[in-house]
Amino acid sequence: MKIIIHGGFFSESQTNHEIKQAKQQALKDIVQAGYRYLQNHTALQTAVYTVCLLEDCELFNAGTGSQIQSDGKIRLSASLMDGKTQKFSGVINIEDVKNPICIADKLMAYDDRVLSGKGAKEFATNNGVAYYNPETPQRRHEYEKKLSDSIRLGTVGCVALDVYGNLAAATSTGGKGFEIPGRVSDSATTAGNYANTYAGISCTGVGEDIVSGSVASKIVTRITDGMAISAATEKTLNELKPFDGFAGVIGISADGKIYHADTHPYMVWALHDGDVEVFE
């Protein structure tokens with residue numbers, strides 16, 4: 001049983017020691033909670049549970065504390081993929097919910113498993129999800145001052161390998177901040193979140209770059225074809241260099257190898273494979 005999570009890219013972690021310590025502690029606590037949960041739950045259940053914890057932590061740009069778009073509204077995206085069944089589900093630009101990953105989880109039982117905008121919100125309401133405003137005073141302050149380029153290169157994600165050998169990946173984002181309403185990130189696509197029986201991958205960074213590189217699905221395909229997770233990840237990230245692609249990756253392969261990498265400093269992460277490791 002193994003689990004790895006990420007909290008996106010945070011440039012202030014290099015300069016603000018207090019924030020860095022807060023994120024290290026938060027990721028440590030969450031990965032430990034996720035690992036405990038994994039003892040008695042599947043990889044899929046654990047991925048959802050753990051990303052919910054990340055969405056609920058205001059330090060990260062997903063769920064509560066998400067970025068505000070250019071029209072003053074918060075729109076959230078999230079996706080989930082079960083490596084065993086090869087089912088993918090997600091919501092794109094959903095408003096007024098607390099945990100978009102939970103909506104993605106509910107959609108797993110339906111034929112139409114990726115919903116956007118108004119349709120996603122109506123589905124949530126019809127399934128008993130209460131109204132929730134994910135805005136925080138800090139995000140409103142940033143929005144009003146148009147500080148769109150300092151700390152927002154981030155999503156949250158989780159990849160889990162359960163006791164049965166099954167893999168799952170879950171990813172959630174509040175967007176990049178100040179984007180054009182309707183913009184679609186990578187987080188609710190197979191470019192940013194992908195799993196099969198060979199590996200699971202969750203991405204963070206600039207969504208357009210990740211989509212252009214088909215990062216998550218390409219890494220998993222290469223692992224399926226026989227490459228090691230480290231080689232598959234590095235080859236895929238190297239292919240982003242011609243356009244200076246900005247991406248970070250966490251993943252687990254079916255043989256239990258855990259790997260994380262980024263193209264720019266630096267992604268924050270934590271893992272638990274019996275022992276806890278956290279970014280430094």
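Small disclaimer: the values here were computed from a predicted structure and weren't measured. Nothing fancy with the numbering, it's 1 onward along the sequence.
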(message) With side chain to side chain contact (heavy atoms under 4.5 Å, CB included) as the criterion, how do Lys87 and Met81 come out once you've worked through the C-alpha distance, each side chain's angles and the decisive distance to 0.1 Å?
(response) CA-CA 6 Å; Lys87 283 187 175 182; Met81 191 159 183; over 6 Å; no
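- Heavy-atom neighbours of Asp112 CG from other residues, nucleotides or ligands within 6.0 Å: at or below the threshold of 12.
- His141 places no side-chain N or O within 3.5 Å of a backbone atom of Pro137 that could act as its donor or acceptor partner.
- Screening residues 116-125 for side-chain hydrogen bond (donor to acceptor under 3.5 Å, both in side chains), with sequence neighbours left out, gives Lys121-Thr125.
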(request) Please test Thr64 against Tyr132 for side chain to side chain donor-acceptor pair (under 3.5 Å), starting from the C-alpha separation and ending with a verdict. (result) CA-CA 9 Å; Thr64 302; Tyr132 180 80; 2.7 Å; yes
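- Hydrophobic cluster membership differs between Met227 and Leu240, with clusters built from Ile, Leu, Val, Met, Phe, Trp and Tyr side chains linked at under 4.5 angstrom.
- Among residues two or more places apart in sequence or in another chain, the side chain to side chain contact (heavy atoms under 4.5 Å, CB included) test is passed with Tyr198 by Asn196, Ile223, Thr224.
- At a threshold of 4.5 Å between side-chain heavy atoms, the hydrophobic network of Ile, Leu, Val, Met, Phe, Trp and Tyr places Val48 and Val114 in two separate groups.
- Shown here for Val249 and Cys203, the closest heavy-atom pair between the two residues is CG2-SG, 4.1 Å.
- Atom-to-atom distance recorded for Leu59:CG and Ile19:CD1 is 8.0 Å, nearest 0.5 angstrom.
- Contact check for Val206 versus Lys176: no side-chain heavy atoms found under the 4.5 Å cut-off.
- One distance of note links CD of Gln45 with CG of Asp82; it measures 10.0 Å at 0.5 Å rounding.
- Here salt bridge (Lys or Arg N to Asp or Glu O under 4.0 Å) pairs that include residues 39-52, with residues two or more places apart or in two chains, number zero.
- Remark: Ala170 pairs with Ala47, Val51, Leu80, Ile101 by the side chain to side chain contact (heavy atoms under 4.5 Å, CB included) rule, at least two apart or across chains.
- Listed here is the closest heavy atom pair of Cys52 and Cys102: SG-SG, 3.1 Å.
- For the residue pair Asp162 and Met1, the shortest heavy atom distance occurs at C-CG, 3.9 Å.
- Taking Asp209 as the reference, nothing meets the side chain to side chain donor-acceptor pair (under 3.5 Å) condition, with sequence neighbours excluded.
- Considering Gln24, His17, Lys23 in turn, His17 is the only one that fulfils the side chain to side chain donor-acceptor pair (under 3.5 Å) rule with Gln21.
- In this structure, Asn133 and Asp96 have side chains that are not in contact, with every pair of non-hydrogen atoms separated by 4.5 Å or more.
- In this structure, Thr42 and Thr46 have side chains that are not in contact, with every pair of non-hydrogen atoms separated by 4.5 Å or more.
- By the side chain to side chain donor-acceptor pair (under 3.5 Å) test, Asn99 is found to be paired with Glu55, Asp56, residues two or more places apart in sequence or in another chain being considered.
- The CG atom of Leu271 sits 13.0 Å away from the CZ atom of Phe279 when rounded to the nearest 0.5 Å.
- Arg139 contributes a side-chain N or O that, together with a main-chain N or O of Gly65, makes up a donor-acceptor pair within less than 3.5 Å.
- With sequence neighbours excluded, the residues satisfying ring-ring contact (aromatic ring centres under 6.0 Å, His included) with Phe123 are Tyr110.
- Both Ile74 and Ile94 are part of a single hydrophobic cluster, where members link through side-chain heavy atoms under 4.5 Å apart.
- In terms of modelled atom types and a separation under 3.5 Å, the side chain of Gln39 and the main chain of Tyr35 share a donor-acceptor contact.
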May I have the list of side-chain donor-acceptor pairs in residues 210-218 shorter than 3.5 Å, sequence neighbours left out?
{"residue": "Ser212", "atom": "OG", "partner": "Glu208", "partner atom": "O", "Å": "2.9"}
{"residue": "Ser217", "atom": "OG", "partner": "Ser214", "partner atom": "O", "Å": "3.3"}
{"residue": "Lys218", "atom": "NZ", "partner": "Gly213", "partner atom": "O", "Å": "3.3"}
{"residue": "Lys218", "atom": "NZ", "partner": "Glu239", "partner atom": "OE1", "Å": "3.2"}

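- In this structure Thr236 satisfies the side chain to side chain donor-acceptor pair (under 3.5 Å) test together with Arg222, sequence neighbours excluded.
- For Gln32, the side chain to side chain contact (heavy atoms under 4.5 Å, CB included) criterion is met by Lys28, Asp29, Arg36, His272, Val276, not counting sequence neighbours.
- Taken together through direct or relayed side-chain contacts under 4.5 Å among Ile, Leu, Val, Met, Phe, Trp and Tyr, Tyr131 and Val97 form parts of separate hydrophobic clusters.
- At a cut-off of 3.5 Å, with distance as the only test, no side-chain donor of Thr171 or Thr155 sits close to an acceptor on the other residue.
- One distance of note links CG of Asn61 with CG of Leu54; it measures 12.0 Å at 0.5 Å rounding.
- Contact of the Ile3 side chain with the Val31 side chain is registered, since non-hydrogen atoms from C-beta on lie closer than 4.5 Å.
- Hydrophobic clustering (side-chain heavy atoms under 4.5 Å, transitive across Ile, Leu, Val, Met, Phe, Trp, Tyr) keeps Phe243 apart from Phe9.
- Listed here is the closest heavy atom pair of Gly157 and Ile250: O-CD1, 3.9 Å.
- Lys257 NZ to Ser230 OG: the interatomic distance, rounded to the nearest 0.5 Å, is 9.0 Å.
- Between the side chain of Thr173 and the main chain of Ser77, no donor-acceptor pair closer than 3.5 Å is present.
- Atom CD of Glu280 has 12 or fewer heavy atoms from other residues, nucleotides or ligands within 6.0 Å.
- Looking at Leu167 and Ile252, their side chains come closer than 4.5 Å, going by heavy atoms from C-beta outward.
- Taking the ring centroids of Trp269 and His6, they lie at or beyond the 6.0 Å cut-off.
- Put simply, the side chain of Asn93 does not reach to within 4.5 Å of the side chain of Leu76, judged on heavy atoms.
- Under the 3.5 Å distance criterion, with hydrogens and angles disregarded, no donor-acceptor pair is assigned to the side chains of Asn238 and Lys235.
- Atom CG of Leu237 sits about 6.5 Å away from atom OG1 of Thr263, to the nearest 0.5 Å.
- Between the side chain of Asp262 and the backbone N or O of Met267, at least one donor-acceptor pair lies under 3.5 Å.
- In this view, Glu234 and Tyr259 satisfy the side chain to side chain donor-acceptor pair (under 3.5 Å) rule, not counting sequence neighbours.
- The two residues Lys84 and Thr197 make their nearest non-hydrogen contact at CA-CG2, 4.4 Å.
- Among all heavy-atom pairs drawn from Ala120 and Val91, the shortest one is CB-CG1, 4.2 Å.
- Residues meeting the side chain to side chain contact (heavy atoms under 4.5 Å, CB included) test with Glu95, sequence neighbours left out: Lys73, Arg75.
- You'll find the side chain of Asp244 reaches within 4.5 Å of the side chain of His264, heavy atoms only.
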(request) May I have the step-by-step check of ring pair (Phe, Tyr, Trp, His ring centres under 6.0 Å) for Phe88 and Tyr194, ending in yes or no? (result) CA-CA 8 Å; Phe88 179 96; Tyr194 198 79; 7.8 Å; no
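- With a 4.5 Å cut-off on side-chain heavy atoms, His260 and Ile4 count as touching.
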